[in-house]
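Only a predicted model underlies this, so the values are computations on that prediction, with no experimental measurement involved.
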Amino acid sequence: QVQLVESGGGLVQAGGSLRLSCAASGRTFSTYAMGWFRQAPGKERELTATISWNSARTYYADSVKGRFTISRDNAKNTVYLQMNSLKPEDTAVYYCAAGRHYSSTNYYGNYDYWGQGTQVTVSS
């Protein structure tokens with residue numbers, strides 16, 4: 001069992017930055033691939049970034065490539081999403097998720113555990 005708690009969301013102006021954190025409970029965090037999804041109002045949840053258990057592999061959606069960076073610290077049971085050059089279209093609830101296998105597929109079913117989400121709002 002893995003419990004995930006996101007933090008770091010908020011209101012920021014376009015062009016600004018935020019860093020999201022996702023703290024995980026449980027001793028098996030380091031064995032899980034981690035992903036960040038986001039869901040904007042009226043839209044489906046979409047994969048934003050993923051990272052393998054040992055950080056060897058990462059994936060970014062085209063919409064965030066070059067602006068967002070996913071990282072993890074297994075000693076701290078935490079995964080991060082550094083978001084730079086934010087745009088109004090990045091406004092969404094951001095969720096972290098843990099899955100037993102690394103995947104770059106935009107499919108929520110690949111993940112076993114989810115956080116409650118954190119709101120990110122980017123004003124123009």
Between Cys22 and the options Tyr95, Tyr80, Trp36, the side chain to side chain contact (heavy atoms under 4.5 Å, CB included) test singles out Trp36
Checking Leu81, Val93, Thr91, Leu20 against Val120 for side chain to side chain contact (heavy atoms under 4.5 Å, CB included), the one that qualifies is Leu20
Regarding Ser17 and Asn84, do their side chains bring together a donor and an acceptor under 3.5 Å, going by distance alone?
yes
Is it true that a side-chain atom of [X] and a backbone atom of [Y] form a donor plus acceptor pair closer than 3.5 Å?
| X | Y | answer |
| --- | --- | --- |
| Asn74 | Phe29 | no |
| Glu6 | Gly117 | yes |
| Glu46 | Asn106 | no |
| Ser52 | Arg57 | yes |
| Thr50 | Gly35 | no |
| Ser103 | Thr105 | yes |

Identify the heavy atoms of [X] and [Y] that sit nearest to each other, and give their distance.
| X | Y | result |
| --- | --- | --- |
| Leu86 | Arg67 | CA-NH1, 3.9 Å |
| Leu47 | Ala61 | O-CB, 3.5 Å |
| Ala24 | Leu4 | CB-CD2, 3.6 Å |
| Ser21 | Thr78 | CB-CG2, 4.3 Å |
| Ile70 | Tyr60 | N-OH, 2.9 Å |
| Ala14 | Pro88 | CB-CD, 4.1 Å |

Hey, does [Y] have a side-chain heavy atom less than 4.5 Å from the side chain of [X]?
| X | Y | answer |
| --- | --- | --- |
| Arg38 | Ser63 | yes |
| Tyr32 | Tyr113 | yes |
| Val122 | Gln13 | no |

Is it possible for you to check whether Arg72 lies under 6.0 Å from the centre of the six-membered ring of Trp53, through NZ or CZ, and within 45° of that ring's axis? no
To the nearest 0.5 Å, tell me how far [X] [atom1] sits from [Y] [atom2].
| X | Y | atom1 | atom2 | result |
| --- | --- | --- | --- | --- |
| Thr121 | Asp90 | OG1 | CG | 11.0 Å |
| Ser7 | Gln116 | OG | CD | 9.0 Å |
| Met34 | Thr58 | CE | OG1 | 14.5 Å |

The ring-ring contact (aromatic ring centres under 6.0 Å, His included) partner of Trp114 among Phe37, Tyr108, Tyr94 is Phe37
### Query
So with a 6.0 Å cut-off around CD of Gln119, is the heavy-atom count from everything else above 12?
yes
With a 4.0 Å cut-off, would you call Lys65 and Asp62 a salt bridge?
-> yes
Centroid-centroid under 6.0 Å between Tyr102 and Tyr59 rings: no
